[in-house]
**Q** 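Could you have a look at this structure, given as structure tokens, before my questions?
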Amino acid sequence: METLQDINQRIEQWIQVIALKVEQMQQDFYVETKRNELDLVTNIDKEVQADFTKLINEYYPEHQLMGEEKSNTEVDMYKGYAWAIDPIDGTTNLVKQGKDYCLILSLFYNGEPLLAYTYDFYQKKLYKAMKDEGVTINDQPLQLKKYQHLKDALISIDPKHTSSNLLKALISKAHGFRFIGAGGIGALRTITGDFGASIDVGANLWDMSAQILYAKELGLVVTDIEGKEIDLNHVKGTIIAHPEIHAEIIEIIKQYGVK
Ligand code: IPD
Ligand code: CA
Ligand code: CA
């Protein structure tokens with residue numbers, strides 16, 4: 001029986017290989033569209049997910065897998081071991097800027113988060129959380145600087161899915177607003193304390209899975225967009241925030257509504 005450390009070692013090795021592979025593929029890749037012409041996917045997204053699926057099938061065939069580039073109708077994240085993967089979060093950034101895109105990967109057991117990873121390809125930084133072991137960046141313990149007031153903090157929001165009234169209210173009450181175009185990177189800025197909160201109204205589980213363990217390990221708060229506990233099987237939007245700021249944001253959302 002493998003321990004969590006063994007699983008972690010295997011995953012870290014896999015991420016190292018994938019980091020090199022993506023760096024090479026970035027020289028020459030192709031782009032397709034999904035639901036509409038702004039919804040992009042590349043052969044890199046597909047290959048990273050296919051590669052991870054191969055790894056799971058080979059070493060952990062009894063584990064479930066929820067991924068952006070596959071159908072997930074059969075997956076129940078509350079049953080046994082289950083992974084969530086966004087092979088490339090920020091695909092548009094990869095295509096247009098070659099930076100600010102990441103891999104997001106997490107492991108749950110009966111719905112409890114055990115492992116969480118975000119690999120920022122451009123910065124070559126691996127953010128990792130293990131249950132009860134804290135969060136590291138390239139193996140160095142993360143030191144979080146915490147905010148207590150929205151008025152002092154930068155916040156990140158995806159404006160595409162947010163009503164203009166809510167957006168205006170949030171921006172006017174925060175110190176400032178940033179939109180990176182990759183929810184996974186916005187969350188990283190929040191767990192380091194660069195931002196006080198990261199809000200993604202359109203997020204699915206694969207966009208935000210790592211945030212759940214990061215928040216738990218660092219004493220941050222992660223909920224759905226109405227402030228309720230995340231339902232892993234039906235994620236519709238997420239907020240990760242420093243605790244006092246989370247409360248302030250939920251009050252504003254209650255007042256203005258999401259849509
Ligand atoms: C998207 C990015 C974006 C967020 C969207 C996501 P993708 O992920 O994280 O910032 O606002 O909700 O779908 O499509 O690049 O994996
Ligand atoms: Ca993606
Ligand atoms: Ca994503």
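Note that ligands are numbered from 1 as they come in the structure, with each ligand's atoms numbered from 1 the same way.
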**Q** Go through the steps for E2 and Y59 under the test side chain to side chain donor-acceptor pair (under 3.5 Å), then give the verdict.
**A** CA-CA 10 Å; E2 281 199 349; Y59 292 100; over 6 Å; no
**Q** Salt-bridge test for K79 and E74: reply yes if a basic N is under 4.0 Å from a carboxylate O, no otherwise.
**A**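 Salt bridge: no.
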**Q** Output the list of atoms in ligand 1 that are nearer than 4.0 Å to some heavy atom of I88, sorted by atom number.
**A** 16 (O)
**Q** Below a 4.0 angstrom heavy-atom separation, can you tell me which part of T92, side chain or backbone, both or neither, approaches ligand 1?
**A** neither
**Q** How about the Ca ion (ligand 2), which protein N, O or S atoms come within less than 3.0 Å?
**A**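 Listed by chain and number, the atoms are E68 OE1, D86 OD1, I88 O.
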**Q** Checking a contact table here: which protein heavy atom is nearest atom 14 (O) of ligand 1, and how many Å away?
**A** E68 OE2, 3.8 Å
**Q** Quick test: of every protein heavy atom, which one is nearest to atom 12 (O) of ligand 1, and how far off is it to 0.1 Å?
**A**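 Heavy-atom neighbour on the protein nearest atom 12 (O) of ligand 1: D200 OD1, 3.3 Å.
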**Q** Classify the contact between D86 and ligand 1 as side chain, backbone, both or neither, using a heavy-atom distance cut-off of under 4.0 Å.
**A**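 For D86, only side-chain atoms sit under 4.0 Å from ligand 1.
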**Q** Locate the shortest heavy-atom distance separating A210 from S106; write the atom from each residue and the value.
**A**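 Taking every non-hydrogen atom into account, N-OG, 3.1 Å.
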**Q** If you compare all heavy atoms of S163 against all heavy atoms of G257, which two are closest, and at what distance to 0.1 Å?
**A**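 The pair with the smallest heavy-atom distance is OG-O, 4.3 Å.
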**Q** For the residue pair F121 and Y101, categorise the inter-ring angle as parallel (less than 30°), tilted (30 to 60°) or perpendicular (more than 60°).
**A**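 Because their plane-to-plane angle is under 30°, the rings of F121 and Y101 count as parallel.
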**Q** What are the two closest non-hydrogen atoms of I157 and I155, and how far apart are they?
**A** CD1-CD1, 4.0 Å
**Q** In terms of heavy-atom contacts, does NE2 of H63 have more than 12 from other residues, nucleotides or ligands at under 6.0 Å?
**A**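 More than 12 within 6.0 Å, yes.
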**Q** Check R10 with E58, please: is the shortest side-chain N to carboxylate O separation under 4.0 Å?
**A** no
**Q** Any chance you could lay out the salt bridge (charged side-chain N to carboxylate O under 4.0 Å, His left out) test for E251 and K173, step after step, and finish with the verdict?
**A** CA-CA 12 Å; E251 276 312 306; K173 291 185 161 65; over 6 Å; no
**Q** Do G183 and ligand 1 have an N or O pair less than 3.5 Å apart?
**A**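 Yes - when backbone and side-chain N and O of G183 are compared with those of ligand 1, one distance drops under 3.5 Å.
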**Q** Look at the rings of W83 and F52 and say which category their plane angle falls in: under 30° parallel, 30 to 60° tilted, over 60° perpendicular.
**A**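 Taking F52 first and then W83, their aromatic rings stand perpendicular (interplane angle over 60°).
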**Q** Looking at N36, I want to see if its CG is surrounded by more than 12 non-hydrogen atoms of other residues, nucleotides or ligands under 6.0 Å.
**A**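 For N36, atom CG is crowded (more than 12 foreign heavy atoms under 6.0 Å).
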**Q** Distance under 4.0 Å to a non-hydrogen atom of D207: what atoms of ligand 1 satisfy this?
**A**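 Those atoms are 6 (C), 8 (O), 13 (O).
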**Q** Just let me know how K160 lines up against ligand 1, side chain, backbone, both or neither, with a heavy-atom cut-off below 4.0 Å.
**A**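 No part of K160 comes within reach of ligand 1.
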**Q** For D89, which part has a heavy atom under 4.0 Å from ligand 1: side chain, backbone, both, or neither?
**A** both
**Q** For G184 and ligand 1, does the shortest N/O to N/O distance drop below 3.5 Å?
**A**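 No, since none of the N or O atoms of G184 sits under 3.5 Å from an N or O of ligand 1.
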**Q** Work out which heavy atom in D224 is nearest to a heavy atom in I230; give both atom names and the distance.
**A** N-CD1, 3.5 Å
**Q** Closer than 4.0 Å to some heavy atom of D158 - which atoms of ligand 1 meet that?
**A** 4 (C), 5 (C), 11 (O), 12 (O)
**Q** What are the atoms of ligand 1, with element, lying closer than 4.0 Å to any heavy atom of T91?
**A** 15 (O)
**Q** Of G181, S156, P159, G90, which has the heavy atom at the shortest distance from atom 3 (C) of ligand 1?
**A** G181
